[in-house]
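Nothing here was measured: the structure is a model prediction, and the numbers come from that model.
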Amino acid sequence: MASEKVETIVAGNYLEMEREEGDSKSTKSRLSALFWHGGSVYDAWFSCASNQVAQVLLTLPYSFSQLGMLSGILFQLFYGLMGSWTAYLISVLYVEYRTRKEREKVDFRNHVIQWFEVLDGLLGKHWRNVGLLFNCTFLLFGSVIQLIACASNIYYINDNFDKRTWTYIFGACCATTVFIPSFHNYRIWSFLGLMMTTYTSWYLTIASFIHGQVEGVKHSGPTKMVLYFTGATNILYTFGGHAVTVEIMHAMWKPQRFKLIYLTATLYVLTLTLPSASAVYWAFGDMLLNHSNAFSLLPRSGYRDTAVILMLIHQFITFGFACTPLYFVWEKFVGVHDTKSVCKRALARLPVVIPIWFLAIIFPFFGPINSTVGSLLVSFTVYIIPALAHMITFSSPSSRENAVERPPSFLGGWAGVYSMNAFVVGWILVVGFGFGGWASMLNFIQQINTFGLFTKCYQCPRKA
């Protein structure tokens, strides 16, 4: 009976929305619900899976060349499970925060809850400020990476323009995401995005086996500690896509059903990342150390061009995923978040795209920038802060007694959860941030020294 009461409180503000949709019988409303306005468990699953595997699919073979085959596979499994765990912690904290607020009669119908607000409500303003800083910086550079990936990929179809020029073009294209109001409206895009990465993954796998191993192929990784931890932090970044968990949950009609969604999405993503990265590394070996984009080594064909085009569309979608929470933060800052005018909100959002555009032109290092962002930002944003926040939120006996979401018994109750959280904090702090930060920064600085800032065409083959 008590659990039913909690469920009613958590989902209460969405019941009216569902009823309004159900009363509308027009064809336009039905089409809108089918393609545009989602909030089901399936919508959340597609959003998580589609957001998690984007351009990293093309850089994971590069990471395998740095790590070696065995370490590459093990790190994917390990960080996949760890990412699923901290996504679960974020979902627990969201439900706890929202339940407390709705018991106080707070109405969220015209307000999107974000991670920094959860931290503020549960732990205070200092946690809010830290969470806001890391989350916004990570999402900013996450958007930058998608823009860099667009320019890197299109170059393998049309090299009449250099990559910097393509960055200008795709920056303008990605700016159109300001017109997508919220994660409710990514229903069809999430589904299509996952289909696109599924095609690309299996193209990479099959094309690599058909191509076969290059003559004299070598698989010497790992050879250097710097490369080893750089590759590991790229995988850390790969499975750190749950910085938008709170926004995805808030778009659900019943957010308390999110608990296992990220884990099942991760399991599907592993069926894409493991075969493709292993196959490309098997075929090309150490050549990947100087080719961070897997497309650059596969011969041009209709299948490859199709994969490139599909990845471009998907990166546009993922740019929207990463940028939408930033749009929300900016809307709240300038005071237009509660308005129902899409055009007014879109106009207010445009300034967010400008620094992303600029940073993508300064640091066009496709591949190495993933590891740097992974070690310095992802490590805190989606691993250390959620684990610490969960430990402190439920540190007192009364908070554990009144918790909305209790830990599963098979994990050992509260003691088991605390042990797992302590392990996550320790591992990520030492290996992810410590060794990973050291290695990725050295590699990043090397790219700057080799190619320079504002380089026109990163890793482009010289034309005759």
Side-chain angles (χ1 to χ4, degrees), residues 46 49-65 145-174 176 188-215 217 238 268-269 271-285 287-288 290-320 364 366-367 457-464:
F46 278 111
S50 180
N51 183 52
Q52 194 172 4
V53 56
Q55 49 74 35
V56 289
L57 196 64
L58 307 175
T59 63
L60 285 173
Y62 167 67
S63 296
F64 269 48
S65 69
I145 289 169
Q146 300 309 319
L147 201 48
I148 294 170
C150 286
S152 178
N153 289 342
I154 191 63
Y155 185 79
Y156 297 113
I157 289 182
N158 186 337
D159 59 2
N160 293 326
F161 297 132
D162 56 65
K163 291 182 181 179
R164 187 201 296 171
T165 304
W166 281 119
T167 303
Y168 292 138
I169 295 168
F170 278 98
C173 295
C174 289
T176 58
I188 189 65
W189 293 112
S190 298
F191 173 77
L192 292 176
L194 192 58
M195 296 303 102
M196 293 168 186
T197 48
T198 300
Y199 171 89
T200 304
S201 168
W202 289 107
Y203 158 73
L204 293 173
T205 305
I206 295 168
S208 297
F209 282 127
I210 291 174
H211 182 279
Q213 292 184 310
V214 296
E215 186 178 350
V217 65
T238 301
Y268 179 78
V269 165
T271 68
L272 305 181
T273 57
L274 287 172
S276 59
S278 303
V280 177
Y281 179 55
W282 169 83
F284 298 101
M287 289 178 65
L288 285 158
N290 297 315
H291 296 82
S292 55
N293 190 326
F295 282 145
S296 64
L297 290 174
L298 289 165
R300 184 166 184 179
S301 66
Y303 295 109
R304 193 192 77 162
D305 288 354
T306 301
V308 170
I309 292 168
L310 292 179
M311 285 304 291
L312 286 171
I313 299 170
H314 185 262
Q315 279 146 11
F316 166 82
I317 298 167
T318 312
F319 181 94
F366 184 68
C457 214
Y458 177 66
Q459 287 187 340
C460 294
R462 292 190 178 187
K463 294 182 180 181

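Residues H291 and F284 form no side-chain contact, since every pair of their non-hydrogen atoms from C-beta on lies 4.5 Å or further apart. Contact check for N51 versus T318: side-chain heavy atoms found under the 4.5 Å cut-off. A 4.5 Å side-chain heavy-atom check between P364 and R164 finds every atom pair outside the cut-off. The shortest side-chain heavy-atom distance between L57 and T273 falls under the 4.5 Å cut-off. Looking only at side-chain heavy atoms (C-beta outward), L204 and F295 come within less than 4.5 Å of each other. Inter-residue side-chain proximity for S63 and Y281 is flagged as unmet; no heavy-atom pair is nearer than 4.5 Å.
With rounding to the nearest 0.5 angstrom, the CG atom of L288 is 10.0 Å from the CG atom of N293. We find the CG-CD1 distance between L192 and I313 to be 8.5 Å, quoted to the nearest 0.5 Å. Taking CE of M196 as the reference point, atom CZ of F191 lies at 10.0 Å (rounded to 0.5 Å). To the nearest 0.5 Å, the span separating OG on S201 from CG on L58 amounts to 10.0 Å. For the atom pair OG1 (T167) and CD1 (I154), the distance works out to 11.5 Å, reported to the nearest 0.5 Å.
Closest heavy-atom contact between I145 and Q55: CG2-NE2, 3.2 Å. Closest approach of Y303 and Y199 over heavy atoms only: O-OH, 3.2 Å. Shown here for M195 and F46, the closest heavy-atom pair between the two residues is CE-CE2, 4.4 Å. A pairwise comparison of heavy atoms in G212 and A283 identifies O-CB, 3.7 Å as the closest pair. Minimum interatomic distance between T200 and A307 (heavy atoms only, all atoms of both residues): OG1-O, 3.7 Å. Nearest heavy atom pair, residue N158 against residue N160, reads OD1-N, 2.9 Å.
Taking the side chain to side chain contact (heavy atoms under 4.5 Å, CB included) definition, one finds that V217 meets it with Q213, V214, H219, sequence neighbours left out. By the side chain to side chain contact (heavy atoms under 4.5 Å, CB included) test, A277 pairs with L60, P61, F64, Q76, sequence neighbours left out. Partners of F319 by ring pair (Phe, Tyr, Trp, His ring centres under 6.0 Å), not counting sequence neighbours: none found. Residues forming a side-chain hydrogen bond (donor to acceptor under 3.5 Å, both in side chains) with T271 (at least two apart in sequence, or on another chain): none. Partners of T198 by side-chain hydrogen bond (donor to acceptor under 3.5 Å, both in side chains), not counting sequence neighbours, listed by chain and number: Y268.
Side-chain atoms of R304 do not come within 3.5 Å of backbone N or O of A207 as any donor-acceptor pair. One N or O on the side chain of H314 and one on the backbone of S50 form a donor-acceptor pair closer than 3.5 Å. Of the possible donor and acceptor atoms, none in the side chain of W282 sits under 3.5 Å from a partner among the backbone N and O of S208. In this structure a side-chain-to-backbone donor-acceptor pair under 3.5 Å is present from T197 to L194.
Between F161 and W166, the angle of the ring planes goes over 60°, which puts this pair in the perpendicular group of the 30/60° scheme.
Under the side chain to side chain contact (heavy atoms under 4.5 Å, CB included) test applied with T306, the options I309, L310, V308 reduce to a single match, L310.
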Criterion side chain to side chain contact (heavy atoms under 4.5 Å, CB included) on S296 and Y156, from CA distance to verdict = CA-CA 7 Å; S296 64; Y156 297 113; 3.3 Å; yes
Mind running side chain to side chain contact (heavy atoms under 4.5 Å, CB included) on V280 and L297 for me, showing each step along the way?
-> CA-CA 9 Å; V280 177; L297 290 174; 5.6 Å; no
Intermediate values then yes/no, side chain to side chain contact (heavy atoms under 4.5 Å, CB included), L298 and Y203 = CA-CA 10 Å; L298 289 165; Y203 158 73; 3.8 Å; yes
Take Q315 and F170, measure what side chain to side chain contact (heavy atoms under 4.5 Å, CB included) needs, and give me the verdict at the end.
-> CA-CA 10 Å; Q315 279 146 11; F170 278 98; over 6 Å; no
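Among pairs with a residue in residues 294-303, those fulfilling salt bridge (charged side-chain N to carboxylate O under 4.0 Å, His left out) read R300-D305, at least two apart in sequence or across chains.
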